[in-house]
Novice: 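Okay, handing you the structure first.
Keep in mind that what you see is a predicted model, and the values were worked out from it rather than measured. Numbering of ligands and ligand atoms starts at 1, following listing order. Excluded from the calculations below are hydrogen atoms, water molecules and symmetry mates; all remaining heavy atoms, backbone and side chain alike, are included.
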Amino acid sequence: PSLIDLHQISKVYGSDNTEVKALWDVSLTIDQGDYCSIMGPSGSGKSTAMNVIGCLDRPTGGQYFFDGQDVAQLDDDTLAAIRNRKIGFVFQQFHLLPQLSALDNVALPMVYGGVAAAERRERATMALQRVGLGNRLTNKPSQLSGGQQQRVAIARAIVNRPLLLLADEPTGALDTTTTAEVMTIFEELNQGGITVVMVTHEPAVARLTKRVVWFRDGQVVNAHMQPEDVSYG
Ligand code: ADP
Ligand code: ADP
């Protein structure tokens, strides 16, 4: 079975005369091990789809199976546990806590997971080594470059060994050089078996993934676009 299986998903915001159909009849499957870009114009439903895929938001209609489980049947606590253990989130603006070291930022998801302090330290160190920051454990975010901060955020996202890494414009705040660094990390993680799904507006970024899903007006208009077919500007 697919890791992500959206079946005729709709998401409607508001009600009656203020109704907005953010997603309409979206069917999409993403298998374990895939590396996918989500693209499309502003307002086409990309963020809404990411929120549904990440179990942050429930669809209004249709069925969503994540890792074989029908999300509609799960209560809020179970969904929160799935988000913590099976999904890692990366954002455009890193969302690191400024007063904490890189190590403590990365260890945070394990605090909620009830992992003992010594093991938290060990696993956070390993995650930071995996993103090439083994020598930056005690640095605070303000002492790191943008690309390094995003790598800390990626280490935090993978520290609970998720099945899925969901990234929303992960290179949107980075320059060309640090974008390349961050994309190398995503590629390595995907080669290690993690499914990666990212929203991007940048064709050069999408071209480094295996598959592009194109949204328009709340619908998937192409679920299997070849990355090399994404045109520039
Ligand atoms: P925004 O208001 O976010 O700029 P646009 O409608 O301009 O929304 O499109 C969003 C992004 O989608 C653009 O930055 C562009 O890179 C990308 N895009 C749109 N159409 C195409 C296309 N045919 N091929 C490749 N990229 C595209
Ligand atoms: P994208 O990420 O492609 O820019 P969104 O998923 O953010 O698209 O938005 C899809 C549509 O849903 C847009 O028309 C947007 O205005 C609307 N929308 C998104 N979030 C909300 C919300 N919380 N309340 C009402 N309308 C929303």
Novice: So which of Gly218, Ser47, Ala49, Gly40 gets nearest to atom 2 (O) of ligand 2, if we judge by its closest heavy atom?
Specialist: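 Result: the heavy atom closest to atom 2 (O) of ligand 2 is in Ser47.
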Novice: Quick one: look up the protein heavy atom nearest atom 19 (C) of ligand 2 and list residue, atom name and how far away it is.
Specialist: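 Sorting protein heavy atoms by distance from atom 19 (C) of ligand 2 puts Tyr13 CE1, 3.5 Å first.
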Novice: What residue and heavy atom of the protein are closest to atom 16 (O) of ligand 2, and at what distance?
Specialist: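 Heavy-atom neighbour on the protein nearest atom 16 (O) of ligand 2: Val20 CG1, 4.9 Å.
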Novice: Establish, from distance only, whether the side-chain atoms of Thr171 and Glu202 form a donor-acceptor pair under 3.5 Å.
Specialist: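 Glu202 and Thr171 do have a side-chain donor-acceptor pair below 3.5 Å.
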Novice: Could you list which atoms of ligand 2 come closer than 4.0 Å to a heavy atom of Ser42?
Specialist: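 The list of qualifying atoms is 4 (O).
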Novice: Please tell me whether Asp5 and Ser2 have a donor and an acceptor in their side chains that are separated by less than 3.5 angstrom.
Specialist: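 There is no such pair between these side chains.
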Novice: Going by heavy-atom distance to atom 3 (O) of ligand 2, choose the closest among Arg216, His201, Lys46.
Specialist: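 Looking at heavy atoms only, Lys46 sits closest to atom 3 (O) of ligand 2.
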Novice: How close does the nearest protein non-hydrogen atom get to atom 12 (O) of ligand 2, and which residue and atom is it?
Specialist: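 Of the protein heavy atoms, Ala22 CB, 3.3 Å lies nearest.
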Novice: Taking 4.0 angstrom as the limit, do Arg211 and Asp34 come out as a salt bridge?
Specialist: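 Between Asp34 and Arg211 there is a salt bridge, with a charged N closer than 4.0 Å to a carboxylate O.
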Novice: Please confirm whether the backbone N or O of Val159 pairs with a side-chain atom of Arg123, one donor and one acceptor, at under 3.5 Å?
Specialist: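 Yes.
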Novice: Can you tell me the protein heavy atom closest to atom 8 (O) of ligand 2 and the distance?
Specialist: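 Minimum-distance protein heavy atom for atom 8 (O) of ligand 2 reads Gly45 N, 3.1 Å.
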Novice: In the complex you have, is atom 21 (C) of ligand 2 within reach of the protein, judged by whether a heavy-atom distance drops under 4.0 Å?
Specialist: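 Protein heavy atoms within 4.0 Å of atom 21 (C) of ligand 2 - there is at least one.
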Novice: Under 4.0 Å, counting heavy atoms only: does Pro41 come that close to any atom of ligand 2?
Specialist: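 Within the 4.0 Å threshold, so yes.
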Novice: Considering heavy atoms of the protein only, find what lies nearest to atom 6 (O) of ligand 2 and give residue, atom and distance to 0.1 Å.
Specialist: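 Going by distance alone, atom 6 (O) of ligand 2 is nearest to Thr48 OG1, 2.6 Å.
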Novice: Taking atom types as modelled and ignoring hydrogens, do the side chains of Thr195 and Gln32 form a donor-acceptor contact shorter than 3.5 angstrom?
Specialist: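 Side chains of Thr195 and Gln32: pair found under 3.5 Å.
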Novice: Quick one: do Asp76 and Arg58 make a salt bridge, cutoff under 4.0 Å?
Specialist: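 Yes, this pair counts.
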Novice: So which heavy atom in the protein is nearest atom 4 (O) of ligand 2, and how far is it from that ligand atom?
Specialist: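 Protein heavy atom with the smallest distance to atom 4 (O) of ligand 2: Gly43 N, 2.7 Å.
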Novice: Would Asp70 and Gln63 count as having a side-chain donor-acceptor pair, cut-off 3.5 Å?
Specialist: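 Per modelled atom types, Asp70 and Gln63 side chains form a pair under 3.5 Å.
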Novice: Which ligand 2 atoms does Ser44 reach within 4.0 Å, using its non-hydrogen atoms?
Specialist: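 Matching atoms, with element in brackets: 1 (P), 3 (O), 8 (O).
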Novice: Are Lys210 and Asn190 close enough that a side-chain donor and a side-chain acceptor fall under 3.5 Å?
Specialist: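 Per modelled atom types, Lys210 and Asn190 side chains form a pair under 3.5 Å.
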